[in-house]
Amino acid sequence: MDESTQSSEQIARLREHTRLHPAEVEPRTVERWLASGLFHPEPGESREGAYSIAIPPPNVTGTLHMGHALNGSIQDVLIRYHRMKGLRTKWILGTDHAGIATQAQVEKALAAEGVNRRELGREAFVERVWDWRSHYGGQIVEQFKRLGASCDYTEERFTLDEGYARAVAEVFVALYEKGWIYRDRYIVNWDPGTRSAISDLEVEEREETDTLYSIVYDLEGGGTVTIATVRPETMLADTAIAVNPHDERYKDLVGRTAILPLVGRHLPVVADEYVKTDFGTGQLKITPAHDPNDFEIGRRHGLDQVSVIGEDGRMTAEAGEEFAGLTVLEAREAVIAALDREGRVSAREPYLHSVPYSHRSGQRIEPLISLQWFMKMDELAAPAIAAVQEGAVRIVPENHRKVYLDWMAEIRPWCISRQLWWGHRLPVYYCEDCRAVHVATSAPESCPSCGGQVRQEEDVLDTWFSSALWPFATLGWPDETPQLRSFYPTDVLSTARDILFLWVARMIMMGIEFTGRAPFSEVYIHSVIQAPDGRRMSKSLGTGIDPLQEIEKHGADAVRFGLLAMSSSQDVRYSAEKVEQGQALANKLYNAVRFALLRIAEQPGVELSQLAAQPQPATVEDRWIVSRLQRVKADLAARIESYDFSHAALSLYDFVYGELCDWYIELVKQRLDLDGQASEQERQALAATLLHVMRQTVALAHPVIPFVTEELWGYLGGQGLLAGGSWPQAQDDLLDPEAEQVLARAIEAITLLRGWRDSVSAKPGLIVPARLIAEGYDATATLIARLARLDLVAPNGDGSIAEEQPVAAVTVPGGTVEVLSAEGLDLHAAQRRAQAQRQRLQADIDRVQAKLANGQFVAKAPAQVVQAEREKLARLQAELEAL
RNA sequence: GGGCGCGUAGCUCAGUGGGAGAGCGCUCGCUUCACACGCGAGAGGUCGCAGGUUCGAAACCCGCCGCGCCCACCA
């Protein structure tokens with residue numbers, strides 16, 4: 001197919017379709033992008049000239065939700081913008097094995113078949129998860145493609161793939177050898193739901209009202225103590241009573257022995273600073289095995305640890321025959337009933353307090369003593385704190401910086417082992433004979449100490465342990481790969497704030513520790529999109545909105561635009577209107593291009609492919625639009641670079657609607673009329689300018705709305721794919737402040753005249769005879785006449801003004817338009833309008849005059865402000881005069 | 001308990017020291033030869049409340065009221 005037939009077919013297609021059909025165009029465009037290889041950059045010699053982002057890896061079996069769609073849109077704007085700027089741009093893609101979430105999904109599926117994982121056995125279960133992954137794992141990646149995300153799909157990673165596992169083992173061993181990873185019997189957040197320990201960050205506190213019981217314990221040798229508790233069932237595990245050492249009331253108690261009711265255990269009374277003297281009775285039961293504070297107190301005083309709650313959330317044999325096997329809540333009732341029988345409950349009152357729940361399973365956390373692996377964080381944190389303090393890592397918006405620094409300053413050890421089957425098994429090997437512990441990147445054949453049989457640790461690592469390595473493990477670390485050399489560190493990490501500690505902080509720590517450099521120089525924290533009613537978007541609440549459905553309905557461009565436009569530095573409610581605004585923009589742009597090309601095509605002697613690439617502005621409106629185009633180019637670039645996506649999107653909208661379509665296209669329509677007076681040369685120049693403006697507009701809109709712009713780029717005869725095209729840099733030499741001023745005045749005049757027409761009920765088709773007596777319209781009088789539907793009998797400055805008497809006058813900047821015929825006009829209405837206008841003007845004048853009469857204002861305000869007020873006053877007075 | 005943030009038009013949100021804005025909705029008028037997912041013109045706001053700083057406050061400071069989020073081991 002030669003060029004001219006191709007273009008005539010395109011013209012025919014444009015003529016036929018008055019509207020854009022995103023559902024038809026978009027999927028086809030994705031295929032063209034993927035086939036082009038544009039999303040896969042070749043590694044370079046060094047990091048220079050490259051731009052990279054590591055995607056926050058979605059859960060492998062997940063599906064796209066609004067958060068993904070927003071963050072995907074944000075990152076894709078950055079990626080496409082920098083790719084167009086000519087950088088080797090890589091968006092690192094992959095998925096997370098998501099230990100608990102994925103395992104839970106598969107367990108649920110198994111449960112439907114009536115199987116539980118223990119019956120299946122570890123090996124078979126893990127195999128089932130891999131099957132599951134191969135079945136559902138590709139889904140979310142396909143959904144990112146549909147969004148238009150220009151990730152490097154050719155190098156997709158998985159946090160459990162072979163290379164990644166090597167990186168994880170390497171890191172674990174290194175930290176173990178430094179002594180920062182260790183094993184300890186410690187009180188942990190036990191989640192009975194997942195039957196695993198979880199980290200502090202996965203615990204969520206909920207306010208609940210429970211009963212606070214006061215219970216009387218006897219003292220050996222007479223007397224009593226009264227303790228208060230909301231968890232009477234844990235008293236079965238009490239091993240001491242504590243009071244504050246400075247509490248005068250209880251000085252004599254310290255050293256004595258209390259008798260634990262129901263059990264009979266002897267409890268020493270100890271003194272500890274932790275106990276508050278002004279809270280409760282000042283006498284505290286100590287249960288080291290089931291309360292984190294008591295655990296610490298127990299360690300300080302060398303107290304026994306008695307465990308009465310098991311990993312299944314039920315009472316153990318240690319709790320005694322009467323209670324063993326009961327759930328915690330049942331045990332609570334039973335214990336209170338038993339205490340009541342002995343008359344030991346001296347008070348009960350409702351008590352509001354916070355209760356820990358598992359973020360993973362939703363079940364109540366049981367603090368338990370358990371043998372787990374921990375990671376010491378303070379030494380890792382120090383350089384990560386410095387990186388943010390010194391600006392090596394910049395957090396945007398800045399208020400999150402303090403949140404990060406505060407948390408890092410108080411960082412505590414991280415429980416990294418999980419009693420799950422799906423994940424990175426710890427590279428720890430125990431000898432069955434000599435009980436030696438070996439930590440190594442690969443399994444030893446036999447025990448290096450005694451030659452005995454070794455057995456690998458059953459536990460797996462917290463998913464976030466592997467996620468923490470994401471920016472470099474995905475690029476081939478620990479090997480020194482070309483990818484690592486070329487794309488590490490990445491430029492920016494974009495995410496919602498909920499994983500600032502869970503993930504971002506840990507990546508910074510691990511990145512610095514293992515590569516010597518922070519994994520990114522900027523962290524952008526984006527909005528959380530809430531449901532339209534302000535609640536959290538969630539499946540369980542039924543408040544979720546599926547981005548893919550929205551994409552089907554409105555197009556990916558519309559959804560991208562909408563999400564970007566509604567995002568800000570704070571949480572926002574989902575706005576269907578913004579998505580519709582995006583759809584309208586895409587359609588508007590399509591029609592603007594459609595207009596330009598259809599009109600250019602019908603111009604005799606004008607051939608699209610022959611047109612000059614540079615604009616040839618011939619008139620003031622041409623110079624105006626070209627100048628405005630430079631402004632929006634600079635504005636958009638600045639806003640993208642400062643992560644101000646909502647203003648970037650809206651500024652694009654304003655330019656396309658407000659300047660390009662509402663004004664420029666309307667202004668030049670007549671010059672394209674075939675029965676007009678324009679010469680072929682003039683038409684050619686106009687066509688070149690129009691084409692230039694359209695191409696540039698489409699190019700600068702590309703990062704935000706890539707689909708429609710890619711499609712239009714083809715129609716406009718652009719070279720290659722727009723996704724691989726170049727970003728339209730603002731050219732200062734094309735700025736034209738004079739043209740901008742002239743057009744601003746003309747636009748205001750036209751708007752005023754249209755308003756006046758409306759007020760006198762002039763029919764749209766009525767051409768009103770008028771005389772323009774005003775300055776600054778030499779270049780725009782004919783445009784004003786046409787757009788305000790006037791017949792200007794004698795343009796401004798003409799000496800031969802007809803001496804007709806005006807029937808009305810309309811004030812415009814710099815003068816007046818005198819209306820010469822009342823035919824078809826309701827001038828009475830105009831009077832009322834003028835009256836209202838006069839009142840408004842007078843009020844403004846009064847205010848400015850009062851300001852200027854204020855000596856303080858004139859004396860203290862900047863001269864420039866005073867001057868501006870004076871000019872304003874003069875202008876307002878002139879306007880009132882003219883009325 | 002500590003921290004962060006928010007309260008501006010009917011709705012969702014911009015604006016952060018010198019004339020109150022946008023989108024949607026609403027009213028009126030238009031099948032104007034790119035687009036009715038359109039075009040033109042409008043109505044609508046004591047900028048949460050009360051003080052203060054300033055010549056000047058929606059914006060800066062203090063307090064109060066209301067709402068949201070994060071962190072936190074007081075039974």
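At a threshold of 4.0 angstrom between heavy atoms, the contacts of A/Y351 are confined to the sugar-phosphate backbone, with no base atom among them. Within 4.0 Å of A/Y657, counting heavy atoms only, lie sugar-phosphate atoms of the nucleic acid but no base atom. Using a 4.0 Å heavy-atom distance criterion, A/R231 is classed as making no nucleic acid contact. Residue A/E869 is in sugar-phosphate contact alone, with no base atom involved, counting any heavy-atom pair closer than 4.0 Å across all strands shown. Among the heavy atoms of the strands, none lies under 4.0 Å from A/V528. Residue A/T751 is in sugar-phosphate contact alone, with no base atom involved, counting any heavy-atom pair closer than 4.0 Å across all strands shown. Using a 4.0 Å heavy-atom cutoff across all strands shown, A/D662 reaches sugar-phosphate atoms only and no base atom. Nucleic acid contact class of A/L500 (heavy atoms, under 4.0 Å, all strands): none.
Legend: residues meeting side chain to side chain donor-acceptor pair (under 3.5 Å) with A/K588, ordered by chain and number and at least two apart, are absent. Remark: A/D844 pairs with A/R847 by the salt bridge (Lys or Arg N to Asp or Glu O under 4.0 Å) rule, at least two apart or across chains. Here A/E207 pairs with nothing under the salt bridge (Lys or Arg N to Asp or Glu O under 4.0 Å) rule; sequence neighbours left out. Residues forming a side chain to side chain donor-acceptor pair (under 3.5 Å) with A/Q867 (at least two apart in sequence, or on another chain): A/E871.
Listed by first and then second residue, the side chain to side chain donor-acceptor pair (under 3.5 Å) pairs that reach into residues 852-862 of chain A come to none, sequence neighbours excluded. A salt bridge (charged side-chain N to carboxylate O under 4.0 Å, His left out) check over residues 556-572 of chain A, counting only residues at least two apart or in different chains, returns the pairs A/D76-A/R560, A/R497-A/D571. Sorted by first then second residue, the salt bridge (charged side-chain N to carboxylate O under 4.0 Å, His left out) pairs that include residues 652-663 of chain A, not counting sequence neighbours, are A/R628-A/E659.
The gap from the C1' atom of B/C13 to that of B/G25 amounts to 14 Å, rounded to the nearest Å. Between the C1' atoms of B/G66 and B/G48, the separation comes to 8 Å (whole Å). Using P as the reference atom, B/G44 and B/G10 are 11 Å apart when rounded to the nearest Å. For the P atom pair drawn from B/A50 and B/A59, the interatomic distance equals 12 Å after rounding to whole Å. Between B/A43 and B/G23, the two P atoms lie 15 Å apart (nearest whole Å). The same atom, P, is picked in B/U16 and in B/A75; the two are 44 Å apart, to the nearest Å. For the P atom pair drawn from B/C47 and B/G42, the interatomic distance equals 24 Å after rounding to whole Å. Nucleotides B/C73 and B/G52 have their C1' atoms positioned 41 Å apart, rounded to a whole Å.
Atom-to-atom distance recorded for A/L597:CG and A/Q10:CD is 8.5 Å, nearest 0.5 angstrom.
Using Watson-Crick or G-U wobble geometry with both donor-acceptor distances under 3.5 Å, B/A41 finds its partner in B/U27. Pair check for B/C69 finds B/G3; Watson-Crick or G-U wobble, both atom distances under 3.5 Å. As the counterpart of B/A59, no nucleotide is assigned, since no Watson-Crick or G-U wobble pattern has both distances under 3.5 Å.
Between A/Y404 and A/F501, the distance from one ring center to the other does not fall under 6.0 angstrom.
When all heavy atoms of A/A289 and A/I369 are compared, the closest pair comes out as CA-CD1, 3.5 Å.
The nearest heavy atom of RNA chain B to A/L752 and to A/V203 marks one nucleotide each, and the one closer to the 5' end goes with A/L752. Comparing A/E580 and A/R19 along RNA chain B, the residue whose closest nucleotide (by nearest heavy atom) sits nearer the 5' end is A/E580.
Under the 3.5 Å distance criterion, with hydrogens and angles disregarded, no donor-acceptor pair is assigned to the side chains of A/E748 and A/T751.
Put simply, chain A comes within 4.0 Å of RNA chain B, heavy atom to any atom, from B/G3 to B/A75, going 5' to 3'.
A heavy atom closer than 4.0 Å to some atom of RNA chain B occurs in A/R594, A/F595, A/R599, these being the qualifying members of residues 593-603 of chain A.
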